[in-house]
Each structure stands twice: as C-alpha cells, then as structure tokens.
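See below for the structure under consideration.
Chain letters run A, B, ... following the sequence lines, proteins first, then strands; residues in each count from 1. Quick caveat: nothing in here was measured; it's all calculated off a predicted structure.
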Amino acid sequence: MSSAIAVIDFETTGMSPAQGARATEVAIVLLEQGRVVDRFQSLMHSGAWVSPFITQLTGISNEMLRTAPPAAQVMREAARFVGQAPMVAHNASFDSKFWQAELALAGESAPQLFACTMLLSRRIYPQAPSHSLGHLARYLQLPSTGRAHRALADAEMAAALLARMQQELCTRHALPWPGHELLMQLQRRSRAAADGWLAQQAAPSLLAAR
DNA sequence: TGCCAGGCCCTCTTTAGGGCCTT
C-alpha cells in the first residue's frame, strides 16, 4: 500500500465557497517519505469574476482563465490524481472547503482527510515568529519554489515544509517516519500537550531499538 | 436593515475578545 501524501494548494476568487468564491487554480504535489514523486497543476475556468485585488495577489487574470479548461474537468482530473491518498494543506480549513465545494460541483465525492501544516508547525515550531507559509519558509530556510500565491509554488513550499517537519519529528523525538495518521493525531493535541504526547509516541520505537 | 469565513489559540480567559492564517 502506498504511503503517498497529497499536498494541495488552491488559488481562488475569495475566502469562502459559502460566499460564492470559486477556485481559479489548483496544484497538488505527491510526497512519499518526504520526496516529491509527482505533480499536478492547472488553471480552471468556472466563469467566476476575478477581482483586481486577486489578480494583483496571484497574478491570475480573467483573461488567463478565459482559455483555461472547465473547472469540473480539472477537478475530476485532480481527484483521479489524488486517488486514495490522504491530503495536507497549509491552513487546511481553507483548502479543504474548496476541495469539497469544487468536487461537489463536479459531481464527485471528497472523502479525503486533511492534515494541516499550519497547525503542525504551531506544535513543532512554537517559537517561530509567524506561521504563515512564507514566513515559515524563510525561518526554516527552505529552498525557493517560485512565485508565492501561485498554486504550484505554494503546494511545493507546503510539501517542503511538511517533509522538514516529518524529518524534525524523526530526529528530535526519535520517531519512525511519521505518516498521515500520526500527523492527524498530533494536530489534534493542544500546543501545550504536543511535546508530552510525542515523547509517548517515541517510547515504543526506542524500546524496540534496544 | 445591516451584515456577511471560520477554526485555532492566546490572554487582560473560561458567562469573551481578538489576532492569526488562508484568497
């Protein structure tokens, strides 16, 4: 069984699909054991209007979307690309809402569980001055992935952040390579309880190594 | 009529308020 994790990032016309915002671009990076093994990226045309503010923020214009493939087609391809892999995003409450909303409009189900690199970074790097993706990338000196606020660059950055945190858990807490289930359990712990819980998780592996 | 995200987390807290984070 594959241990792949799908790291996703959406660019959108606004903050919430409940208020009519639509996705304009999606990118997904497949990670296995902290290594990128595949990528998916596409603009998507939903007919929604892109405001000048969003065009300035993302570089994505109404003109660019006019010739983009239909949103439903892109989302069906994205769902096939992800398959059964569990998912990760930075501030996953945002991207998971668009994943569910856009797939619903495409007539597809969205059963995937989302882990969140922002919640995880608050547990693993509580001392970081900011937990925005850009600030964390600079704080951890992650390699540049391209223009911020484009989907593939941000998905690659989130993937690099995830891989760094998985490595950090291995080295700092003597854990075996942490999979999606452990990440989900860690992000559900309070910040105050995270270190103690991680120490408990490490104990069996330390005993096994003796 | 007026307003419009929402979950997490800290603190001047828990019968609450406000900043962070995503576009």
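Contacts of R172(A) classified as salt bridge (Lys or Arg N to Asp or Glu O under 4.0 Å), with partners at least two apart in sequence or in another chain: E168(A). For Q84(A), the side-chain hydrogen bond (donor to acceptor under 3.5 Å, both in side chains) criterion is met by no residue, not counting sequence neighbours. Listed by chain and residue number, nothing satisfies the salt bridge (Lys or Arg N to Asp or Glu O under 4.0 Å) test with R123(A) (two or more places apart in sequence, or in another chain). Taking the ring-ring contact (aromatic ring centres under 6.0 Å, His included) definition, one finds that F10(A) meets it with nothing, sequence neighbours left out. Here E25(A) pairs with R150(A) under the salt bridge (Lys or Arg N to Asp or Glu O under 4.0 Å) rule; sequence neighbours left out.
If you check every strand for non-hydrogen atoms under 4.0 Å, M15(A) touches a base. Counting any heavy atom pair closer than 4.0 Å across all strands shown, S190(A) reaches no nucleic acid atom. Residue-level contact check: R122(A) touches the bases, meaning some heavy atom is under 4.0 Å from a base atom.
Pairs engaging residues 35-60 of chain A under the salt bridge (Lys or Arg N to Asp or Glu O under 4.0 Å) rule: R39(A)-E156(A) [sequence neighbours left out]. Residue pairs meeting the side chain to side chain donor-acceptor pair (under 3.5 Å) criterion with at least one member in residues 183-195 of chain A, sequence neighbours excluded, are E181(A)-Q185(A). Counting only residues at least two apart or in different chains, salt bridge (Lys or Arg N to Asp or Glu O under 4.0 Å) contacts with residues 101-114 of chain A comprise R22(A)-E102(A).
Residue-to-nucleotide proximity on DNA chain B shows that, of R123(A) and F10(A), the 5′-proximal contact is made by R123(A). Along DNA chain B, the nucleotide nearest to L119(A) and the one nearest to S130(A) differ in position, and the one closer to the 5' end is contacted by L119(A).
On the C1' atoms, dC4(B) is 24 Å away from dC9(B), given to the nearest whole Å. Comparing the P positions of dC12(B) and dG19(B) gives a spacing of 14 Å, expressed to the nearest Å. Rounded to the nearest Å, the gap between the C1' atom of dT23(B) and that of dG6(B) is 14 Å. Atom C1' of dT13(B) sits at a distance of 12 Å from the matching atom of dG18(B), rounded to the whole Å. The separation of dC20(B) from dC3(B), taken at their C1' atoms, amounts to 23 Å, rounded to a whole angstrom. With C1' as the reference atom, dT14(B) and dC10(B) are 13 Å apart, rounded to whole Å.
The stretch residues 91-107 of chain A touches DNA chain B through N91(A), F94(A), each having a heavy atom under 4.0 angstrom from the strand. For the contact set between residues 42-59 of chain A and DNA chain B, defined by any heavy atom under 4.0 Å, the members are F53(A), I54(A), L57(A), T58(A). Sorted by residue number, the members of residues 134-166 of chain A with any non-hydrogen atom under 4.0 Å from DNA chain B read H149(A), D154(A).
Here the CH2-NE2 distance, from W197(A) to H173(A), works out to 10.5 Å after rounding to the nearest 0.5 Å. With values rounded to the nearest 0.5 angstrom, H90(A) atom NE2 is found 5.0 Å from T117(A) atom OG1.
Counting heavy atoms from C-beta on, the side chains of L31(A) and L162(A) come closer than 4.5 Å.
Judged by distance alone, with hydrogens and angles left aside, the side-chain atoms of R164(A) form a donor-acceptor pair with the main-chain N or O of L140(A) at under 3.5 Å.
Linking ILVMFWY residues whenever their side-chain heavy atoms come closer than 4.5 Å, directly or via other members, places I54(A) and L65(A) in the same cluster. Tracing side-chain contacts under 4.5 Å through hydrophobic residues (I, L, V, M, F, W, Y), one reaches I5(A) starting from I124(A); they form part of the same cluster.
The nucleotide range of DNA chain B contacted by chain A, defined by atoms under 4.0 angstrom from heavy atoms of the protein and reported 5' to 3', is dC4(B) to dT23(B).
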